[in-house]
Protein chains: 2
Amino acid sequence: MTSLSTNRPPRVTIREVAHRAGVGIKTVSRVVNNEPNVAPATAARVRAAIDELKWEPDAHASNLRRTTTRTKSVGLLLGSVANPFSATIHRAIEDIAIHRDVAVFASSLDDEPEREIAAVEAFVRRKVDGLILTCAAHSQAYLTELVPPEMPVVFIDREPADFAADTVHSDNVGGAELATRHLLGFGHRRLALLIDRREIWTARERERGFLAALAEFGVSADTATIVADLSDQDAAERAVTTLLSVPDAPTAIVSGQNLITVGAVHALRRLGRHHDVALVGFDDVELADLLEPGLTVVAQRPQEMGRVAADRLFASLDTGHRLPPAAKVIPVDLIPRGSGEIRP
Amino acid sequence: MTSLSTNRPPRVTIREVAHRAGVGIKTVSRVVNNEPNVAPATAARVRAAIDELKWEPDAHASNLRRTTTRTKSVGLLLGSVANPFSATIHRAIEDIAIHRDVAVFASSLDDEPEREIAAVEAFVRRKVDGLILTCAAHSQAYLTELVPPEMPVVFIDREPADFAADTVHSDNVGGAELATRHLLGFGHRRLALLIDRREIWTARERERGFLAALAEFGVSADTATIVADLSDQDAAERAVTTLLSVPDAPTAIVSGQNLITVGAVHALRRLGRHHDVALVGFDDVELADLLEPGLTVVAQRPQEMGRVAADRLFASLDTGHRLPPAAKVIPVDLIPRGSGEIRP
DNA sequence: TTGAAAGCGATACCAA
DNA sequence: TTGGTATCGCTTTCAA
């Protein structure tokens, strides 16, 4: 083998454009970067030359010398891109980003703390302009040294610890209260709560709301069963099966998350108890209205969450630095469809 | 405001590392790029200097001069990141990419041709290493001039036109045949097919399969109703309502896509015909097994599709050039759950 | 309003 | 096995 032919395609450079337009390269640079002090006629000639030559500025070359470099990309950390809740957030963010010609990197964490850090590292290394993250780790202190001080960060769905930044999340306490109060209002006194691992902030918040509603109705927490550590559908299904097999079993269930809800519905159906045990799920699921009975849920607004988070991120990006951290709480909506209106 | 302070952090450069290690910069370059011809002792000294100075090579500077530049990112074009089918593909690809430290950009096209081209442009401009795309445009000829000749491209879910590259898709014709044959086997003779716009390749393929099965059973295509241009749930719901309002209405429905299936189920329920009109959907949907009757579907294997597509992309990337285009057809699975086993 | 010259931080080539 | 030097394509600086 002799000619290892670099085969580099004959790139069009700024120099050729400048020559074609009969100006200096600095003037071409001014035009493409919308800098002031270019005569309209000159700018027009330059633009014509750019079009004729089909020149595209080389991003690497620009960013090399530039002080404030933008990759026009953002990093998004989610539970899983395959989870409908996360996917809806993702789409909402993409819809805002695309208007600004910003591309979105997404990464699935599966609630594993190490993956959160690895993903942040990976995105920072790729020099994303900003980060939107659903945190999985116990503390976000690591962000202080990992993320450049001017890079905007927005937390979505969960509040961070040891790191101050914008946060957007559902009214978890209020939503769980609403669900629980709804069941209590229908006469239930033996309730169960099914939640994910307590390391997860939303699980803790929803538990707080559940307990607050019980207290409000003067129902002792001792009469309630709380099953935690339910991180997938199968675990939830097994938990409900066990739950209902004991004497004085709960007559109503609050599910703390969409996967748990689906698992619970499966269990109730298999046991033939779906017309008998009340169920309210946190977060809506597809086809919930077509089940028999319809599935009552406290619906979140993932699209709104994504939109608000993206707006906030771009606001920081526009001002050129992080805005003072603010927290935005998104309301939830109780949707009665049948399963939550069953009496004990 | 006075000091617009560039605030550029004092960057560590390769020069300082070379000085510290007592070598030339080219030797440092050799070490970080694992090039041959470096004495082990020298390499060790260089590595020590890199660690001490915490030097990280500047990606922009490297990529500027480098001929074969890798950003360790790939672009993924999907129907919508919020559609469960697309989202599952996305996740499968991410799971493979992450092992190679490759990040994934995703873009939702909503089946709009212009967005396909815009998304490809956006990704090429960001110098992704490869592209996986569900095409929405009529022709992919544009890729020839838009995409660098060595950049690997894999089509997923749909076959491209006017551009040869790897393709991964379901057995659409076979799947539609399977669904239709299933209904014909239960005695149905007046069938309806609900599909998306015929510009979409999968819609055309599934129509072919539907017609083939009819022919196989000696049923004239004239007795069948084909409703096309159904691109969302509402349209499907309306179509089914209209469909069943005429005399000699179809007794069985084949739905060509997940959104259409959900719309059809809604219509049947609203009309109270769900125990009466048979339905087989293409592509599985969440909770399908808990409906009454259960929803019979021809399930696709989105996870397998994503995995195969990603494997193929990385195989091309590993060899350093596009592999000869190959087509991989992924099997589908008929899952009988009740709605497809209703007799006329 | 304009442009010439001096980098930016790495890689490529070639001589030592 | 090494390292000097010429780039890479653009932004910055500064003088015209």
Side-chain angles (χ1 to χ4, degrees), chain A residues 2-47 49-50 53-72 125 127, chain B residues 4-47 49-50 53-72 125-127 148:
Chain A
T2 50
S3 125
L4 219 129
S5 121
T6 350
N7 202 21
R8 184 196 286 270
R11 253 195 149 292
V12 183
T13 72
I14 194 175
R15 221 181 314 270
E16 302 170 51
V17 175
H19 185 251
R20 174 89 165 217
V23 300
I25 61 172
K26 175 67 226 193
T27 299
V28 177
S29 173
R30 283 194 181 93
V31 171
V32 295
N33 293 301
N34 293 312
E35 284 173 36
N37 294 330
V38 177
T42 315
R45 284 215 319 284
V46 170
R47 256 184 276 274
I50 290 175
L53 265 39
K54 293 191 205 297
W55 174 67
E56 290 191 23
D58 181 291
H60 296 306
S62 327
N63 289 332
L64 184 55
R65 196 71 164 80
R66 209 194 286 276
T67 48
T68 164
T69 147
R70 289 270 148 104
T71 56
K72 294 226 167 205
R125 202 166 41 221
K127 304 229 194 309
Chain B
L4 223 128
S5 123
T6 349
N7 204 17
R8 182 197 284 271
R11 256 195 148 291
V12 182
T13 72
I14 195 175
R15 219 179 315 269
E16 302 170 50
V17 174
H19 185 252
R20 173 90 166 216
V23 300
I25 59 171
K26 176 66 224 190
T27 299
V28 177
S29 174
R30 283 194 182 94
V31 171
V32 295
N33 293 300
N34 293 314
E35 285 172 35
N37 295 329
V38 179
T42 314
R45 285 216 318 285
V46 170
R47 256 183 277 273
I50 290 175
L53 267 39
K54 293 193 206 298
W55 174 66
E56 289 190 25
D58 181 291
H60 296 307
S62 329
N63 289 332
L64 181 55
R65 194 69 166 81
R66 209 193 286 276
T67 50
T68 164
T69 148
R70 289 270 148 105
T71 56
K72 295 227 166 203
R125 202 166 41 218
R126 285 181 181 73
K127 305 235 194 304

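Every chain is numbered from 1, with letters handed out A, B, ... down the list of sequences. All heavy atoms count here, side chains included; hydrogens, waters and symmetry mates do not.
- Under the rule for a side chain to side chain contact (heavy atoms under 4.5 Å, CB included), the partners of B:P148 that lie at least two apart in sequence or sit in another chain are B:V124, B:E150, B:M151.
- Residues from residues 34-41 of chain A lying near DNA chain C, meaning a heavy-atom separation below 4.0 Å, are A:N37, A:V38, A:A39 in numerical order.
- Remark on the helix from C:dT1-D:dA16 to C:dA16-D:dT1: inter-end axis angle 30°, axes from five-pair C1' superpositions, rounded to 10°.
- Residues passing the side-chain hydrogen bond (donor to acceptor under 3.5 Å, both in side chains) test with A:R125, sequence neighbours excluded: B:D101.
- Residue-to-nucleotide proximity on DNA chain D shows that, of B:G24 and B:A61, the 5′-proximal contact is made by B:G24.
- The shortest distance between the side-chain N/O atoms of B:T13 and the OP1/OP2 oxygens of C:dC8 is not below 4.0 Å.
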Could you write out each protein N or O paired with an N or O of nucleotides 14-16 of chain C at a distance under 3.5 Å?
none

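- Sorted by first and then second residue, the side-chain hydrogen bond (donor to acceptor under 3.5 Å, both in side chains) pairs with a member in residues 37-46 of chain A form an empty list; sequence neighbours excluded.
- Computed from coordinates, the A:L64 CG to D:dC10 P distance equals 12 Å when rounded to whole Å.
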N/O donor to acceptor pairs below 3.5 angstrom from side-chain atoms of residues 14-31 of chain A, sequence neighbours left out:
| from | atom 1 | to | atom 2 | distance (Å) |
| --- | --- | --- | --- | --- |
| A:E16 | OE2 | A:T13 | N | 3.2 |
| A:R20 | NE | A:E52 | OE1 | 2.8 |
| A:R20 | NH2 | A:E52 | OE1 | 2.4 |
| A:S29 | OG | A:N33 | ND2 | 3.4 |

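- Proximity of B:T27 to the phosphate of D:dT2: no side-chain N or O atom is located under 4.0 Å from OP1 or OP2.
- Spacing between atom CZ of A:R65 and atom C1' of D:dT12 amounts to 5 Å, rounded to whole angstrom units.
- Contacts of B:N33 with the nucleic acid, taken as non-hydrogen atoms under 4.0 Å apart, involve only primed sugar atoms and P, OP1 or OP2.
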